[in-house]
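The structure under discussion appears below in the form of structure tokens.
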Amino acid sequence: MRVTWAVTSTGGDLSFRLDPEDEITGRASDDYPVKLAINSCSIGGVPGDAHPDLFAVAAWTIVAPWTRRRISFDRAISAELAAAFHDGWGIEAGPVGAQARQAGRTLAISYSGGADSVAAATIYPEAPFLHFRRVAHRRVPNRWPHYRSDVLAGLAGTTGRAVTTVTSDLEYTLAEPRPGYPEHHAVAAGALLLADELDLGGLGFGYELGSRWLGGGRYLHRYTPDNPMWSPHGRWGKLFAATGVHIVLPVGGVSEAITMRVALNSDLKGQVRWCLRGTDGPCRTCGKCLYKELIQAAVERRPLDTPLTADRPVVRKWLKKPPYGGQEMIEYGLARVPGIENTPFARALDYFEATEESTSWLDHCYPPAIDEIPAQWRDQAAAFMAAHVGFMTEAEARRVETWGS
């Protein structure tokens with residue numbers, strides 16, 4: 001893979017060319033197949049004098065799925081970053097010749113506006129926001145016009161926080177399955193390029209217990225302490241650390257029930273929006289709306305409020321046998337939503353014997369997640385969890401560590 005950045009008056013233009021051994025259809029870090037559509041994209045509003053390691057990792061978040069043996073950048077990177085590429089992916093990266101970037105002092109939040117992201121932001125009320133906004137690609141038609149990135153960006157701008165919005169068409173590098181991030185970490189591409197300007201030493205994400213420790217929705221359905229995407233000792237964690245921008249997961253030890261509760265009780269509750277389709281509010285007809293409605297109804301101890309019925313295509317995955325993505329939260333909802341037997345989740349009752357007692361571990365924080373937060377931001381997260389959530393007992397922690405076994 002050969003990577004070139006061109007700095008313009010509006011940002012940075014990335015182009016890349018595959019080597020003979022590289023592949024048009026590759027796999028992201030969660031092993032999901034992704035097919036390349038085009039070998040160029042742009043990131044708006046970023047400086048041209050960012051550290052070369054930042055340019056390199058920003059590019060890697062986009063081109064990693066299709067790169068097999070080596071990557072050549074248009075500017076020298078540090079030996080420390082080259083070692084992280086080699087140790088994590090077996091990739092030979094170069095040229096080497098720059099000094100490593102020193103970590104900054106600021107923690108910023110990669111802010112999407114969803115409940116998980118809002119919960120992370122609530123723990124650090126002084127942290128600025130970095131918001132990623134998809135914009136049209138100049139050469140690729142928009143096959144997903146219902147995605148309302150303008151609405152999400154508008155909501156981010158009304159939070160009262162310092163917000164830097166990064167615009168990019170990088171999601172159009174994907175032909176299949178649809179426009180989206182080649183790697184989950186591509187949401188941070190603009191943040192990385194702004195790290196020097198904002199003095200970033202850490203970037204906080206809203207990934208919660210299910211994503212960090214229980215395998216997430218589509219690659220593993222078991223306890224995964226060595227999560228390759230989000231653990232600090234995983235290949236992505238070490239790669240980001242080599243740039244001086246640590247991955248920070250403020251809510252990595254709590255379930256989506258807790259992030260929902262924290263978000264809806266926060267000063268930002270009016271800006272919470274997990275739906276990517278609605279304009280004046282959630283669309284209520286997509287799969288994500290149904291899943292989040294289950295969680296919200298469970299937290300609020302009320303019946304499910306949805307127009308969706310079992311014959312709708314977005315409901316099909318919950319009519320099949322488990323495992324499900326977010327399965328721990330399905331069980332949590334089954335145990336708490338009144339009248340669940342009359343909802344699209346009724347079929348799931350055949351596969352679980354979920355009770356409030358059996359799912360109560362999801363109401364507390366898994367302590368090792370706090371230990372993973374870099375020292376300069378750890379105490380604040382620990383104090384928040386102690387005051388508002390509470391920590392798991394040893395028995396509850398074992399429920400996490402035996403998940404899926």
Compare all side-chain heavy atoms of [X] with those of [Y] and state whether any distance is below 4.5 angstrom.
| X | Y | answer |
| --- | --- | --- |
| P282 | E293 | no |
| W236 | W230 | no |
| E92 | R69 | no |
| Y111 | R161 | no |
| L294 | L304 | yes |
| R133 | D150 | yes |
| R139 | Y172 | no |
| L81 | V57 | yes |

Between side-chain atoms of residues 14-21 and protein atoms elsewhere (two or more places apart, or another chain), which donor-acceptor pairs fall under 3.5 Å?
from : atom 1 : to  : atom 2 : distance (Å)
D19  : OD1    : R2  : NE     : 3.2
D19  : OD1    : R2  : NH2    : 3.2
D19  : OD2    : M1  : N      : 2.5
E21  : OE2    : R70 : NH1    : 3.2

Any sub-3.5 Å donor-acceptor pair from [X]'s side-chain atoms to [Y]'s backbone N or O?
| X | Y | value |
| --- | --- | --- |
| S110 | G204 | no |
| D13 | A6 | no |
| R312 | P344 | no |
| S78 | A100 | no |

is_close_aromatic(W318, F345), centroid dist under 6.0 Å: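 W318 vs F345: aromatic centres under 6.0 Å.
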Validation row, ring centre Y366 to ring centre W213 under 6.0 Å: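 Yes, the ring of Y366 comes within the 6.0 Å limit of the ring of W213, centre to centre.
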CA sep, side-chain torsions, deciding dist, call: S29, R235, side-chain contact (heavy atoms from CB on, under 4.5 Å): CA-CA 10 Å; S29 291; R235 59 188 184 181; 3.7 Å; yes
Restricting to non-hydrogen atoms, name the atom on [X] and the atom on [Y] that form the minimum distance, rounded to 0.1 Å.
| X | Y | value |
| --- | --- | --- |
| L198 | T164 | CD1-OG1, 4.5 Å |
| Y324 | Y351 | OH-CD1, 3.7 Å |
| P33 | R27 | CD-NH1, 3.5 Å |
| V7 | G48 | CG1-CA, 3.4 Å |
| G114 | V272 | C-CG1, 4.4 Å |

With a 4.0 Å cut-off on N to O distance, would you call [X] and [Y] a salt bridge?
| X | Y | value |
| --- | --- | --- |
| R399 | E328 | no |
| D350 | K321 | no |
| K238 | E80 | no |
| D116 | K292 | yes |

Looking only at side-chain N and O atoms, does [Y] offer a donor or acceptor that is under 3.5 Å from a partner on [X]?
| X | Y | result |
| --- | --- | --- |
| T159 | Q271 | no |
| S358 | T355 | yes |
| S211 | E208 | yes |

Greater than 12 external heavy atoms within 6.0 Å of D199's CG: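 Yes, CG of D199 has more than 12 neighbouring heavy atoms, counting only those of other groups under 6.0 Å.
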Within 6.0 angstrom of E394 CD, more than 12 heavy atoms from elsewhere: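 No, because the 6.0 Å sphere around CD of E394 holds 12 heavy atoms or fewer from other groups.
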